[in-house]
Amino acid sequence: MCLRNALTAAEPFEFNLIPGWPDVKNVFLIAKFELVRLLSTRRGLVSIVAFAMVWLVLLYYVIFRASRVLAQDGGSGLVSAVLDWLGMERLTAWAVPELAVYWFFGLMLLPLFCISLTADQTASDRSRGTLRYLVLRSTRWQIFFGRYLGQLLVLLLFILISIVTTLPVVLYRDAGGLPDWLALMPAILVNLMIVLLPYTALMALVSVLAKSARQATLYAIILWIAVWFISGLLMNYFPGLSFLDWVMPSSQIPLLLRSVGWDALQFAHIPILQSLLLLVAGWWLMQRRDL
Amino acid sequence: MSIFSCQGLTKKYGSTLALNELDLDIESGPPVALIGPNGAGKTTLLSLLSGFIRPSAGQATILGEKPGSASLHGKLSALPQDANLDPRLSIARQLKHYARLQGLSNSAAIDAVQKSLDTVQMADAADKKPDELSHGMRKRIAIAQMLMGEPKLALLDEPTAGLDPPNVKIIRDVIARHADATTFIISSHNLDELEKLCRDVVFLDKGQLVKHQRISSLQEQQGVLTVRLNDVDADAFMQACRELPGTLNISLQEQGSFIIDYDSDAHPAFDIRMIELLNAKGWQYRNVSKGRSLEDKLFD
């Protein structure tokens, strides 16, 4: 009875599963377990605290101050001129300067955070043998996509936490800033998640090959440099292959920095296509990998 | 009913041939012993059947399905060698997750976890993390995960390796209790344990099938007695045995363990005479049994 109470209390929520879709059910169960793992393990809680501390520093020393400067500049001062020179002049067009700064730092820093956080999707479970227990109960594609979806849920949680912390800063500057913040926040959330899709997919792929999170990160760096070098070489010798410019994750970031709010969605097809390619490759490897 | 069969099953690791065109058919029923020397292909065979690895050639069917098929979830279970639970999460939480993946509802999963932990006498460890447990306890937890949902076929790879006698006994009792509902295939080097549990034996060597038959049919049980003694002068015992009517031959197998061939037709009560002899001489025995041990049957 004691065990029943403990486990029932540990169940924070229940997904409404789609009836008649047993295959997808396990994907959701595995994804949900990733959230449980984050919220109930010391390692997960340490990542949350570390992220929160870094973020609070960034919020206070960068977003708070930079947004003041941006708001005071009014689109015609030195800051605007510098941003114009850097090709980021559209940052001054955001109705909420705090979200403009958040957007900039989110695009720059969250991919790095994502690589670190999502590196161990299946690697250590494979070397420990835990995947063997799972594969007796789930197909490999359920495990692969369940873990991927789980990591996206974890990232969504982190982005939600960080973006919500900008609200007090906005309200401190402008007590009536809530409607603009509410209008822009979902656009940032959705677009940042789309930006992180290929990074998470890349880590899902390398995690299939690696024995640990550290090795997965190393593989990702090697793969990244190799693809960057080869695509650069090919484009140099064969100018007709200029589309290879879009092969690298984050290749659309300069375009996103020139977008405001939902406008950024017009470039969503690039990371989505990158993610699909990486996921198909990862799934193919997962099907063939010895456990 | 055939619970699994394979034809031409082959697995290569680089240039090493771990399984070589294995043809095997095993029926549901009492536990089956899977034995052979190191490198014989036992773990490879169990890993192939569990869907952990892919064959290089050949095919296998388990309960009519291909290894790794979703239809086998909940019906096929395994105790993989050297597989561990996540050290960061409690035992109960992980087992419940597994039970949910097997298709059990939240409530049924909790009951299944409770029941399986009770079965291996580890209910107290539910809230503990794997690293807080001893090797033997972790093995029992692995048995618990294997038993969840009452599978039709369970594949055990070295279930008692490195365990102390109390843990071995618990695991043996658990297997014996569940043998009516589940067919166990047990790979082990502990032939004494296998002999106690199993009816059939599959003997692999160099990736090929050497023998597959009833343990009882490996050799005629009549006319052979195995005697294990405590602290007895081997020469004195062997001399006394030679003087016992019916004795044909006696050999010392290892310290304190003797195999005696006797004329069972002329002396059907030879085993009784042996016990009387031991009693008369005051020699303490550990075991007197008809026939040879599984090890002697297979490797002599």
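Letters go in sequence order (proteins before strands), and every chain restarts at 1. In this text, all values refer to a predicted model and were calculated from it rather than measured experimentally. Computed from heavy atoms alone, side chains included, the values below leave out hydrogens, waters and symmetry copies.
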- Query: Counting heavy-atom pairs under 4.5 Å to chain B, which of A/Thr130, A/Val135, A/Leu136, A/Thr41 comes out on top?
  - Reply: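 Sorted descending by pairs with chain B, the first entry is A/Leu136.
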- Query: Non-hydrogen atoms of chain A under 4.5 Å away: do they reach the side chain of B/Ala142, the backbone, both or neither?
  - Reply: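 Both backbone and side chain.
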- Task: Would you mind checking which part of B/Asn84 comes under 4.5 Å of any heavy atom in chain A, side chain (CB onward), backbone (N, CA, C, O), both or neither?
- Result: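 Both backbone and side chain.
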- Are A/Glu34 and A/Arg37 within salt-bridge range, i.e. N to O under 4.0 Å?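 Yes, charged N to carboxylate O under 4.0 Å.
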- Query: Is the shortest distance from a Lys or Arg side-chain nitrogen in B/Asp131 or B/Lys129 to a carboxylate oxygen in the other one below 4.0 Å?
  - Reply: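 No salt bridge links B/Asp131 with B/Lys129.
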- Query: Between A/Phe105 and A/Trp55, does the ring centre distance come in under 6.0 Å?
  - Reply: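 For A/Phe105 and A/Trp55, the ring centres are not under 6.0 Å apart.
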Which residue out of [options] racks up the most heavy-atom pairs below 4.5 Å with chain A?
options                             : answer
B/Ala123, B/Ser69, B/Pro87, B/Gly68 : B/Pro87
B/Lys75, B/Gln81, B/Gln145          : B/Gln145
B/Leu76, B/Asp82, B/Ile53           : B/Ile53
B/Asp86, B/Leu72, B/Leu89           : B/Asp86

- Message: Consider side chain to side chain donor-acceptor pair (under 3.5 Å). Of B/Arg172, B/Arg140, B/Gln121, which one does B/Asn167 pass it with?
- Response: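 Exactly one pass, corresponding to B/Arg140.
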Around atom [atom1] of [X], are there more than 12 heavy atoms from other residues, nucleotides or ligands closer than 6.0 Å?
X        : atom1 : answer
B/Asp205 : CG    : yes
B/Glu150 : CD    : no
A/Arg214 : CZ    : no

- Item | Counterpart residues, side-chain hydrogen bond (donor to acceptor under 3.5 Å, both in side chains), relative to B/Ser187 (two or more places apart) |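 Expected list: B/Asp157.
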- Task: Can you check whether anything in residues 10-19 of chain B gets within less than 4.5 Å of chain A, heavy-atom wise, and list it by number?
- Result: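 At a heavy-atom separation under 4.5 Å, chain A is reached by B/Lys11, B/Tyr13.
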- Of all the residues in residues 280-291 of chain A, which have a heavy atom that comes within less than 4.5 Å of a heavy atom in chain B?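 Residues A/Gln287, A/Arg288, A/Arg289, A/Asp290, A/Leu291 are the ones that qualify, each having a heavy atom under 4.5 Å from chain B.
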- Item | Distance, nearest 0.5 Å, that separates CG of A/Leu110 from SG of A/Cys114 |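 With rounding to 0.5 Å, CG (A/Leu110) is 8.5 Å from SG (A/Cys114).
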- Can you check whether A/Ala31's main-chain N or O pairs, donor with acceptor, with A/Arg147's side chain at less than 3.5 Å?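 Here the side-chain-to-backbone pair does not exist.
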- B/Leu24 backbone acceptor or donor facing B/Ser5 side chain under 3.5 Å: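 No; judged by distance alone, with no hydrogens or angles, the pair does not exist.
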- Audit row: B/His189, B/Asn38, side chain to side chain donor-acceptor pair (under 3.5 Å) steps and yes/no: CA-CA 9 Å; B/His189 290 293; B/Asn38 288 334; 2.9 Å; yes
- Task: Sequence neighbours left out, what passes salt bridge (charged side-chain N to carboxylate O under 4.0 Å, His left out) with A/Arg128? Give chain and number order.
- Result: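 Testing A/Arg128 for salt bridge (charged side-chain N to carboxylate O under 4.0 Å, His left out), a comparison that skips the adjacent residues, returns A/Asp125.
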- Message: A/Thr139 vs A/Gln142, test: side chain to side chain donor-acceptor pair (under 3.5 Å). Steps then yes/no.
- Response: CA-CA 5 Å; A/Thr139 58; A/Gln142 287 169 338; 3.2 Å; yes
- Query: What part of A/Leu131 is in contact with chain B, defined as an atom under 4.5 angstrom from a non-hydrogen atom: side chain, backbone, both or neither?
  - Reply: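 A/Leu131 has no heavy atom closer than 4.5 Å to chain B.
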- Query: Relative to chain B, which segment of A/Arg43 carries a heavy atom at a distance below 4.5 Å: side chain, backbone, both, or neither?
  - Reply: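 Just the side chain, heavy atoms under 4.5 Å.
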